[in-house]
Amino acid sequence: MCGIVAYKGHRNCHSILLNGLKRLEYRGYDSAGLACLRNDGQLSITKRRGKVKELEEALTDKNCDGIGIAHTRWATHGRPNQVNAHPHADQSRKIVLVHNGIIENYLPIKKFLISKKIKFKSETDTEVLVQLIGYFYNQGKMDFEKAVRAALQRVDGAYGIVIMNTDYPDMMIAARKGSPLALGIKDNEFFIASDISPIIKHTQQILYLKDSEMAVINGNKYTIKSVLKDITMPKNIEQIDYKIDDYDKGKFKYFMHKEIHEQVDTIANTVKGRVKSDAVLLHGLSEYWDEIESADKIYITACGTSWHAGLIGKLLIEKFSNTPVFVEYASEFRYNHTLVDNKTVVIAISQSGETADTLAAIKKANDYGAVTVGICNVPGSSVGRETDCGVYTRCGHEVGVASTKAFTAQIGILYFLALKLASAKGEISKTSLKRHLDYSDAMKKVKTVFRQEKLIEKIAKKYKKATDFLYLGRGMNFPVALEGALKLKEISYIHAEGYPAAEMKHGPIALVDKNMPSVFIVPKDKTYEKIISNIQEIKSRKGKIIIVTDSKNKVLKELANDLIIVPRTNHYLFVVLATIVLQLLAYHIAVSKKLNVDQPRNLAKSVTVE
Ligand code: M6R
């Protein structure tokens, strides 16, 4: 799971590749490397453990014009160190490769290559692939392109790769199966990357490689070929009219903090132009609306935070439109026996639009004939391209690894989708629909949540030494509890679990003691009294109680060790307000522990391997 960027042209490679890597750092940041062909024909490879900044400082050899490949890594096979960082070279050090994906049968291939006296330097599956290409090239006496094809035909798993060979100084080959690769074309220059973000400022002419296709760039020409046989494939070039803004932290120390605060505007942006006072528009779904409206059932598939949004979406869609909804992790959906057919709608939710499991789930749904709908934040991303139709969340670039503003935007889209379905199916009265669509007052309340930030910061400091947290909520606030727990885990490294509040007594209550904080999400709704009993159950076992509520009252005040009150609003928007509180709580706990909130250990913004 990594980022690839490559350049072939006449300019110096370093700045193009380094800038590209910085754009791709969201895919992994445990090590980075760059290889280019020096002007004297020698291969120059520089790798560093750590972030792209480390690599940049190490790059002293500026003598690289014309052709180079670079990579930022999130370790799968082999520790995150300099040796395991990409690019990897074959034994002859003529062929060098960067790879995104996993070569699943690397062990038997490695064994075979070792039997042929090939020595390995790293622990990676990637080195096995480049050594196999080298084996066919050097010992099998195949030409470069043939050797690449021969090797790729023998590997199982997923790959997006770019390869160079010092014997072919004017040639670069890229190939893909499973892991996306885009080729940008500009006069006599070529840019290759795992997504278009490093390419788009150079050219808008983009060709997305399809599975089992390879791009062979030779001099100023390029051909698209099949990996499976030596045949030429069509060139489907798209003009992508999409600008990527530079991003900065503004007055904030961390992107995550900025992105939490941006929710004052982003939620409204997501909805702007999509909702009238008496109707939901969602133009992105128009072409397939008849099928969506008449579907027997809906599956929602996603990973992580986006999956939590899916759980909320299920409750909203079922409540408003009476359409059955199943929510599955994309990693499970792709292999499970699912009841998907051409009367099913599959909604895939993804901030990045590049999550490998989500893409595989979409592929499966497409193969089964379902209508696929993407809810995604990144225009031009793979989810946007692979689904039949969809809606962009439009909340701007999300840089912090912990997803925040994308989550609330996803909830916004799902809320309005539920209402649109309900209205189309005659499940909601005009008056009620109008009431739900008048969200302007509710939006103002988002701003007022931030008045509680000082208090939240104080609470964060008080509990920063806790080793475990429970997050408890009911109904739509159960996914909010899951999300609060996930936020805390990923940026503060404190163990946290989200549970339906009543389910807690079926096991997790055993963990409760005087050191353990439980965060209760308590709106004044139909489960209010029930949840009070759940709080009592924890309280009587001396657990610490933090309550997030929209109700100012004596009972809660007495029960809570710490109480955070958000403004009363539309019952459905409470989940957004409560989420923002939990995002701030996790953020301030992590900051008070002096952790890198934007790039937490072991994680990446986008998980592009299975
Ligand atoms: O880009 P996606 O929404 O598809 O990403 C899914 C998850 O990897 C992501 O939500 C992850 O759980 C976040 N780090 C959570 O903050």
Side-chain angles (χ1 to χ4, degrees), residues 1 3 24-29 74 180 194-195 197 254-257 259-260 263 300-313 327-334 346-362 372-387 390-393 395-411 413-414 471 479-480 482-493 496 498 579-580 582-587 590 595-610:
M1 176 169 84
L24 292 172
E25 219 169 8
Y26 76 93
R27 290 170 168 260
Y29 41 78
W74 183 87
S194 340
D195 72 47
S197 61
Y254 288 104
F255 280 109
M256 180 184 176
H257 200 200
E259 286 156 8
I260 294 173
Q263 289 170 111
I300 300 182
T301 186
C303 305
T305 288
S306 298
W307 182 78
H308 296 156
L311 293 176
I312 294 174
V327 187
E328 279 195 27
Y329 284 118
S331 54
E332 295 298 315
F333 180 92
R334 63 187 289 187
V346 176
I347 302 176
I349 309 176
S350 173
Q351 186 286 129
S352 63
E354 299 297 341
T355 303
D357 284 320
T358 308
L359 291 172
I362 293 169
T372 48
V373 177
I375 297 181
C376 173
N377 194 38
V378 182
S381 63
S382 302
V383 166
R385 285 180 293 105
E386 305 293 331
T387 43
V391 188
Y392 285 112
T393 38
C395 54
H397 202 85
E398 193 180 70
V399 182
V401 163
S403 189
T404 52
K405 59 180 180 174
F407 177 68
T408 46
Q410 290 161 353
I411 295 173
I413 298 292
L414 289 160
Y471 282 73
V480 172
L482 289 175
E483 176 59 9
L486 178 64
K487 286 294 86 96
L488 187 70
K489 277 187 267 218
E490 61 181 338
I491 60 169
S492 75
Y493 317 145
T579 297
I580 295 174
L582 301 188
Q583 291 169 347
L584 287 170
L585 183 64
Y587 171 79
L595 295 168
N596 182 345
V597 174
D598 285 337
Q599 291 186 322
R601 71 179 180 207
N602 304 341
L603 290 173
K605 180 71 184 153
S606 176
V607 182
T608 57
V609 287
E610 185 168 353

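Whatever order the structure lists them in is the order used to number ligands and atoms, beginning at 1.
Under a 4.0 Å criterion applied to the non-hydrogen atoms of V401, ligand 1 contributes the atoms 13 (C), 14 (N), 16 (O). Interface atoms of ligand 1 facing Q351, defined by a heavy-atom separation under 4.0 Å, are 1 (O), 2 (P), 3 (O), 4 (O). Ligand-side atoms of ligand 1 in range of S350: 1 (O), 2 (P), 3 (O), 4 (O), range being under 4.0 angstrom from any heavy atom. Residue-ligand proximity, A402 to ligand 1, at heavy-atom distances under 4.0 Å covers atoms 16 (O).
S306 and Q351 are not linked by any side-chain donor-acceptor pair at a separation below 3.5 angstrom, with hydrogens and angles left out of the test. Side-chain contact of T404 with Q583: a donor-acceptor pair under 3.5 Å is absent, judged by distance alone. For the residue pair T393 and K405, no side-chain donor N or O sits within less than 3.5 Å of a side-chain acceptor on the partner.
Between atom 1 (O) of ligand 1 and the options A406, S352, S403, S381, the minimum heavy-atom separation is to S352. Nearest to atom 11 (C) of ligand 1 by heavy atom, out of T305, I375, L359, D357, is T305.
Nearest protein heavy-atom contact of atom 16 (O) of ligand 1 is E490 OE2, 2.3 Å. Of all protein heavy atoms, the one lying nearest to atom 8 (O) of ligand 1 is V607 CG2, 3.9 Å. When only non-hydrogen protein atoms are considered, atom 7 (C) of ligand 1 lies nearest to C303 O, 3.7 Å. Closest to atom 4 (O) of ligand 1 among all protein heavy atoms lies T355 OG1, 2.4 Å.
Of the N or O atoms in G353, none lie within a sub-3.5 Å distance of an N or O in ligand 1. The shortest N or O to N or O distance between T358 and ligand 1 is not below 3.5 Å. Note: no N/O pair closer than 3.5 Å links Q410 and ligand 1 by distance alone.
Separating the CE atom in M256 from the CD atom in E398 is a distance of 9.0 Å, to the nearest 0.5 Å.
No donor-acceptor pair under 3.5 Å is formed between the side chain of S382 and the backbone N or O of E354.
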- Message: Could you walk me through whether Y471 and L585 satisfy the side-chain contact (heavy atoms from CB on, under 4.5 Å) test, starting with their C-alpha distance in whole Å, then the side-chain angles of each, then the deciding distance to 0.1 Å, before giving a yes or no?
- Response: CA-CA 12 Å; Y471 282 73; L585 183 64; 4.0 Å; yes
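Looking at E354 against ligand 1, nothing comes within 4.0 Å, counting heavy atoms.
Ring geometry, Y329 versus W307: the interplanar angle falls under 30°, so the pair is classed parallel (tilted spans 30 to 60°).
Using a non-hydrogen distance threshold of 4.0 Å, K487 registers as a contact of ligand 1.
When all heavy atoms of F255 and D598 are compared, the pair lying nearest together is N-OD2, 2.7 Å. Taking every heavy atom of both residues into account, L582 and G484 meet most closely at CD1-CA, 3.8 Å. Here the shortest heavy-atom pairing between I347 and I375 reads CG2-CD1, 3.7 Å.
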